[in-house]
Amino acid sequence: MSANFDFRIVERMQALGTHIQKSQLRYHNKRVLVSKEFTFDAAHHLHAYEGKCKNLHGHTYQVVFGISGYPDEIGLVIDFGDIKQIWKEHIEIYLDHRYLNEMLPPMNTTAENMVVWLFEQMEQQLQSDAYRDRYRGARVEFVRLYETPTSYAEARREWMME
């Protein structure tokens with residue numbers, strides 16, 4: 001017996017409480033990873049480096065956060081809007097259209113150092129009172145920082161916990 005999957009226009013959208021009950025929304029209780037990407041433009045230069053990057057220059061960076069957790073009673077690990085809010089309020093303000101050598105803690109502003117800083121900042125916010133109890137088991141699994149479209153550095157949870 002085959003189901004009929006022809007195209008059709010939905011005449012009536014499902015309504016919570018009428019067609020589906022809130023108790024039915026949970027599907028599973030497995031850890032799941034969600035990912036959110038952001039871009040920012042910034043200038044920097046490298047100390048103790050003999051090459052082009054010793055000069056002041058800029059990049060359009062792309063950062064990818066992988067965050068895992070257990071879905072809540074409606075099936076969300078973490079609201080993508082909350083990841084964006086953390087990014088905007090606690091991380092991006094130090095990066096976008098900034099001179100990174102002045103804004104970040106004393107470090108050589110390599111992608112390798114910056115990706116660890118990004119991991120620590122997001123993890124700190126997820127473990128803060130504002131989010132820890134709201135999102136069950138939410139934690140950063142990886143951060144990938146692209147300095148160019150073909151070059152990136154990555155920090156992973158298992159490496160950060162060594």
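Worth knowing before you read on, the calculation uses all heavy atoms, side chains too, and leaves out hydrogens, waters and symmetry mates.
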With the side chain counted from C-beta on, respond yes when [X] and [Y] share a heavy-atom pair under 4.5 Å apart, and no when they do not.
X: Leu145; Y: Tyr61; result: yes
X: Lys52; Y: His57; result: no
X: Arg8; Y: Asp6; result: no
X: Trp117; Y: Leu104; result: yes
X: Ile67; Y: Leu33; result: no
X: Met160; Y: Glu123; result: no
X: Glu141; Y: Arg31; result: yes
X: Met122; Y: Ile83; result: yes

Might you point out which heavy atoms bring [X] and [Y] nearest each other, and give the distance in Å?
X: Ser35; Y: Phe80; result: O-CE2, 3.5 Å
X: Leu56; Y: Tyr99; result: CD1-CE1, 3.7 Å
X: Arg139; Y: Arg157; result: CB-NH2, 3.0 Å
X: Thr148; Y: His59; result: CG2-ND1, 4.4 Å
X: Val32; Y: His28; result: CG2-CE1, 3.4 Å
X: Ala155; Y: Val115; result: N-CG2, 3.8 Å

Over 12 foreign heavy atoms within 6.0 Å of CE, Met161: yes
For side-chain hydrogen bond (donor to acceptor under 3.5 Å, both in side chains), just list the numbers for Gln62 and Thr39, CA-CA rounded to whole Å, side-chain angles, deciding distance to a tenth of an Å, and then say yes or no. CA-CA 4 Å; Gln62 179 183 8; Thr39 60; over 6 Å; no
Would you compute the distance between atom [atom1] of [X] and atom [atom2] of [Y] and round it to the nearest 0.5 angstrom?
X: Lys84; Y: Phe65; atom1: NZ; atom2: CZ; answer: 14.0 Å
X: Arg136; Y: Tyr70; atom1: CZ; atom2: OH; answer: 7.5 Å
X: Glu92; Y: His97; atom1: CD; atom2: NE2; answer: 10.0 Å
X: Thr109; Y: Met103; atom1: OG1; atom2: CE; answer: 13.0 Å
X: Asn113; Y: Asn108; atom1: CG; atom2: CG; answer: 6.5 Å
X: Thr110; Y: Glu147; atom1: OG1; atom2: CD; answer: 8.0 Å

Within the distance-only criterion (no hydrogens, no angle test), does the side chain of [X] pair as donor or acceptor with the backbone N or O of [Y] below 3.5 angstrom?
X: Gln24; Y: Gln21; answer: yes
X: Gln127; Y: Ala138; answer: yes
X: His19; Y: Ala15; answer: yes
X: Asp96; Y: Asp41; answer: yes

Please assess Leu118 against Leu95 for the test side chain to side chain contact (heavy atoms under 4.5 Å, CB included), listing each intermediate value before the final yes or no. CA-CA 10 Å; Leu118 287 161; Leu95 304 172; 3.8 Å; yes
Contacts of type salt bridge (charged side-chain N to carboxylate O under 4.0 Å, His left out), residue Arg144, not counting sequence neighbours: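 Scan of Arg144 (salt bridge (charged side-chain N to carboxylate O under 4.0 Å, His left out), adjacent residues dropped) gives Glu154.
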For Glu89, what residues pass the salt bridge (charged side-chain N to carboxylate O under 4.0 Å, His left out) criterion, not counting sequence neighbours?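 Glu89: no salt bridge (charged side-chain N to carboxylate O under 4.0 Å, His left out) contacts found.
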Are [Y] and [X] connected into the same hydrophobic cluster when the rule is that any two of I, L, V, M, F, W, Y join if their side-chain heavy atoms are below 4.5 Å apart?
X: Leu46; Y: Tyr146; answer: no
X: Phe142; Y: Tyr152; answer: yes
X: Val64; Y: Ile78; answer: no
X: Val77; Y: Val140; answer: yes
X: Leu126; Y: Tyr135; answer: yes

Mind checking what makes side-chain contact (heavy atoms from CB on, under 4.5 Å) contact with Ile74, not counting sequence neighbours?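 Only Lys22, Leu25, Asp72, Leu76 meet the side-chain contact (heavy atoms from CB on, under 4.5 Å) criterion with Ile74.
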Not counting sequence neighbours, which residues clear side-chain contact (heavy atoms from CB on, under 4.5 Å) with Glu50? List them please.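 Lys54.
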May I ask you to decide if the ring planes of Trp87 and Phe38 are parallel, tilted or perpendicular, using 30° and 60° as cut-offs? parallel
Given the rule in the side chain to side chain contact (heavy atoms under 4.5 Å, CB included) test, do Leu100 and Met114 qualify, once you have shown the distances and angles that lead to the verdict? CA-CA 9 Å; Leu100 299 175; Met114 291 171 55; 3.5 Å; yes
Is any NZ, NE, NH1 or NH2 atom of the basic residue among Asp82 and Arg134 found under 4.0 Å from an Asp or Glu carboxylate oxygen of the other?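 Yes.
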Please name all residues satisfying ring-ring contact (aromatic ring centres under 6.0 Å, His included) with His47, sequence neighbours left out, ordered by chain then number. His45
Using ring-ring contact (aromatic ring centres under 6.0 Å, His included) as the criterion, list what pairs up with Phe119, not counting sequence neighbours. none
